[in-house]
Structures are given as structure tokens and as C-alpha cells.
Amino acid sequence: MAQQHHEMTAGEALSVYLQDQATEFLRSLRLHRESSTDAQGAEEALAAARALRRAARRVGATLHTFRPLLDQEWTEGLRPELAWLSGTLAREHAYAARLDRLLGALHRLSTPAPAVVPPAGSRPAGRDGPAQPPAPRTGEARAGQSVRKPAGQLAVGAAKAAALLERQLTLARTRAHSAALQAFGSSRFHAVADSVAVMASDVPLRPAPDTDLKPLAAAADAHLTEAVAALPLLRAGHPYNAEALVHGLAADTAPEAQDAPWLKVRSLLRLHRYAQEVLLGAAPPDARLAAAGAALDRHREAAEAAAAAAAAARTPRIAPATAYALGVLHADQRHEVEAARFAFQQAWLREAVTAP
């Protein structure tokens with residue numbers, strides 16, 4: 001594909017990529033419509049919706065990065081519609097993943113580590129002489145077996161906190177599912193699908209595009225580099241620096257403002273990756289960028305999970321033990337935000353290893 005891009009003009013290479021993504025969009029739409037209503041069909045519908053969302057995201061990003069080569073009126077009309085569709089389809093999966101993440105974290109935090117009973121006769125020696133084997137008693141745990149200690153105060157509110165989160169996020173997921181179904185049946189979606197179908201056969205280029213692909217891709221890279229330079233990477237490079245946690249405990253009900261620069265870098269990194277796909281075609285992605293993107297994905301998931309825990313803790317008339325469990329959960333997810341920032345810093349500053 002990369003060699004073909006050298007032989008084709010910029011407009012032709014861009015058209016090939018957009019037509020491939022449009023074809024993937026239409027194929028996923030067909031699979032979604034043909035999926036059955038049973039459990040297997042529901043999984044197939046979710047997979048098709050995710051593939052459709054990926055294609056819509058790539059098309060929208062490509063229209064943004066390479067808009068000087070494309071018809072301006074068509075581009076400015078389609079881009080916000082693709083963003084609307086991608087956001088609508090993403091919510092159901094996001095709520096489900098957030099619930100799984102929070103319930104798993106609650107279970108991990110409220111379940112103590114198993115304590116191993118030492119083997120019989122292992123009483124340490126003291127002033128009274130060498131160790132003596134203890135007298136066996138009926139019902140005593142066998143040597144080497146693990147026993148669980150009482151979970152403590154956190155376990156008291158963890159069950160109710162889990163029930164509250166499940167109730168709130170399941171309701172949100174149900175509403176997101178209904179919104180997605182309504183979107184698929186709306187005239188707005190059909191207009192988007194029609195535009196993508198036209199693009200699959202004919203990409204509206206400018207009559208005489210005089211811009212190359214590489215400078216536009218380089219501009220996306222420059223915007224990414226500038227945004228990364230504004231991040232506190234030096235502080236993020238110190239594990240357990242507690243910056244994400246301290247900001248997350250602020251009185252402001254929207255502490256995610258400190259996450260905004262990181263989320264901006266995540267969006268710009270995607271634009272850069274998709275621009276590289278246009279340039280390089282099927283070439284394997286840069287491992288450094290892939291690791292950095294994965295870290296920023298974890299950052300966003302943890303930040304949103306922490307916000308969900310904080311929102312649940314503000315529910316009126318909940319028990320103090322429930323609020324305490326939710327507070328511990330919020331702090332745990334802000335620590336996960338910290339860990340994701342550290343992972344991004346390590347991935348971003350890693351020098352690319354090139355073969356000799």
C-alpha cells in the first residue's frame with residue numbers, strides 16, 4: 001500500500017483510504033441489521049456496532065486532518081454527524097465496561113489477601129528455648145492452608161456500594177441502548193449512511209487539490225507534540241506522586257478539568273495514528289504510539305470510573321459505610337489514573353528502536 005501511495009496522487013491515495021473505511025462502515029451496518037434477537041445475535045450486533053463506530057471515527061478523523069484536499073461543504077457537513085454517531089454508539093459499551101471495572105475494583109479492595117497458616121511445629125524459638133510443636137486442636141486449619149481474615153469496615157459498605165453502582169450504571173446503559181436504537185432508526189442516521197455510501201464510490205475531492213498528504217500529516221504530528229509538551233511528564237514520571245488523587249479530592253464537583261490536557265492528547269494521538277494509516281496503508285503500527293495510546297485509554301477509563309464513584313457517593317441519604325466504600329473506590333481509580341500517566345510517560349519517552 002505504501003508503494004502504491006508513491007505512485008498515486010494525494011487525492012487518489014486519500015480516496016482509497018476513505019473508500020475502504022466507508023466499505024467497512026456499510027458492511028458493519030449490514031451485519032448489525034441482519035443480527036438476530038437471541039443472545040448470540042445480541043453479541044453480533046454489539047460487535048458490528050463497535051466496527052461501525054471504528055470506521056466512523058477513522059472517516060471523521062481523516063476528514064479533519066486532510067480537509068484541504070476535500071470538498072469543504074461536504075466535509076463540514078459530514079464530520080459532526082459522524083462524531084454524533086460515534087459518540088451515541090460508544091455510550092452503551094462505555095457504561096458496561098465502567099460497571100465491570102468498578103465492581104471488580106470493589107471486590108479487590110474489600111476482599112483481603114489470604115493469610116497462610118504456618119505448618120505445625122513452626123513456632124519460632126524464643127528465650128524459653130527451641131521451638132516446640134503446638135498441640136493440635138480439633139477443627140484447626142491444616143498446615144499451609146489459606147484462611148481469610150475479616151474484611152473490615154470496607155466490606156460493610158462494599159455490597160451496598162456495588163448495588164448502588166449497578167443500579168445507576170445499568171439504568172444509564174439501558175438508556176444508552178435505547179438512544180442507539182433510536183439513532184439507527186432516525187432520519188439523521190440514514191442521511192449519514194447515504195453520505196457514506198456515496199463516499200464508498202466517489203470521494204468529493206476539490207477540483208484541483210495542490211496539497212500533499214505528508215505536510216498535513218506532519219501538522220497533525222506537530223499538534224500532538226505541542227500538546228504532549230504541555231503535560232506534566234516530569235511529575236508523571238515519578239510513581240505514586242499522588243497528583244491525580246489530590247486533584248480528584250478537590251471540592252470542585254468537576255475535578256476532571258485536570259484530566260482535560262491528557263484527554264486532548266489522546267484525541268490528537270488518534271488523529272496522528274489515523275493520518276499514518278493513510279500514509280502507510282497496511283504497515284504495522286508504531287509500537288511506541290500503540291503503547292502510549294493504550295495508556296491514555298486506561299487513563300480515560302479510570303478517570304470516568306472515578307467520576308462515576310464520586311457521583312454515586314453524592315446520592316442523597318446513603319449510609320456512611322456505603323459512602324466510605326465509594327470514597328475508597330474513588331481514590332483507587334484516581335491512583336489508576338496516576339498509573340496510566342506514568343505508563344504514558346514511559347512509553348512516550350521511549351526511544352524508537354530501529355533495526356541496523
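Keep in mind it's a predicted model, so treat the numbers as computed, not measured.
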Open item on the list: Just verifying a value: how many Å separate Glu44 CD and Leu46 CG, rounded to the nearest 0.5 Å?
Closed with: 10.5 Å
Task: Ion pair Arg98/Glu301, N-O distance below 4.0 Å - done: no
Open item on the list: Here's a test for you: under side-chain contact (heavy atoms from CB on, under 4.5 Å), which of Val59, Leu82, Leu78 qualifies with Ser195?
Closed with: Leu78
Open item on the list: Whether the Arg101 and Gln333 side chains hold a donor-acceptor pair (N or O, under 3.5 Å, no angle test) is what I'd like checked.
Closed with: yes
- [ ] Check whether more than 12 heavy atoms from other residues, nucleotides or ligands sit under 6.0 Å from atom CZ of Arg175, and answer yes or no.
- [x] no
- [ ] May I ask you to say whether Glu34 pairs ionically with Arg30, meaning some side-chain N is under 4.0 Å from a carboxylate O?
- [x] yes
Task: Derivation and outcome, side-chain hydrogen bond (donor to acceptor under 3.5 Å, both in side chains), residues Glu92 and Thr174 - done: CA-CA 7 Å; Glu92 180 182 1; Thr174 301; over 6 Å; no
Open item on the list: Please determine whether residues Leu349 and Val228 belong to a single hydrophobic cluster, defined as Ile, Leu, Val, Met, Phe, Trp and Tyr linked transitively by side-chain heavy-atom distances below 4.5 Å.
Closed with: yes
- [ ] Drop me the distance from Trp262's CH2 to Arg341's CZ, to the nearest 0.5 angstrom.
- [x] 5.5 Å
Open item on the list: If we ignore hydrogens and angles and just use 3.5 Å, is the side chain of Asp71 paired with the main-chain N or O of Trp74 as donor and acceptor?
Closed with: yes
- [ ] Give a yes or no on whether the backbone of Ala312 and the side-chain of Thr315 come within a donor-acceptor separation of less than 3.5 Å.
- [x] yes
- [ ] Show the numbers, then the answer: is there a salt bridge (charged side-chain N to carboxylate O under 4.0 Å, His left out) between Glu336 and Arg298?
- [x] CA-CA 8 Å; Glu336 293 292 329; Arg298 293 195 303 271; over 6 Å; no
Task: Chi angles and distances behind the side-chain hydrogen bond (donor to acceptor under 3.5 Å, both in side chains) call for Arg57, Tyr274 - done: CA-CA 9 Å; Arg57 197 167 56 228; Tyr274 299 155; 3.1 Å; yes
Open item on the list: Check Glu24 with Arg27, please: is the shortest side-chain N to carboxylate O separation under 4.0 Å?
Closed with: yes
- [ ] Given ring-ring contact (aromatic ring centres under 6.0 Å, His included), test Phe344 with His299 step by step and report yes or no.
- [x] CA-CA 9 Å; Phe344 173 81; His299 179 280; 8.9 Å; no
Open item on the list: Quick test of your reading of the model: are Asp332 and Arg108 salt-bridged, counting only N-O distances below 4.0 Å?
Closed with: yes
Task: Of Arg334, Arg266, Arg300, the residue whose pairing with Asp259 passes salt bridge (charged side-chain N to carboxylate O under 4.0 Å, His left out) - done: Arg334
Open item on the list: Can a side-chain donor-acceptor contact be found between Thr88 and Gln182 if the only test is distance below 3.5 angstrom?
Closed with: no
- [ ] Verify side chain to side chain contact (heavy atoms under 4.5 Å, CB included) between Leu102 and Leu329, making sure each step is shown before the conclusion.
- [x] CA-CA 8 Å; Leu102 289 171; Leu329 179 61; 3.7 Å; yes
TODO: Examine Leu85 and Leu31 and state if one hydrophobic cluster contains both, with Ile, Leu, Val, Met, Phe, Trp and Tyr joined whenever side-chain heavy atoms are less than 4.5 Å apart.
DONE: no
Open item on the list: Exactly one of Leu69, Leu63, Thr62 should register a side-chain contact (heavy atoms from CB on, under 4.5 Å) with Thr75. Which one does?
Closed with: Leu63
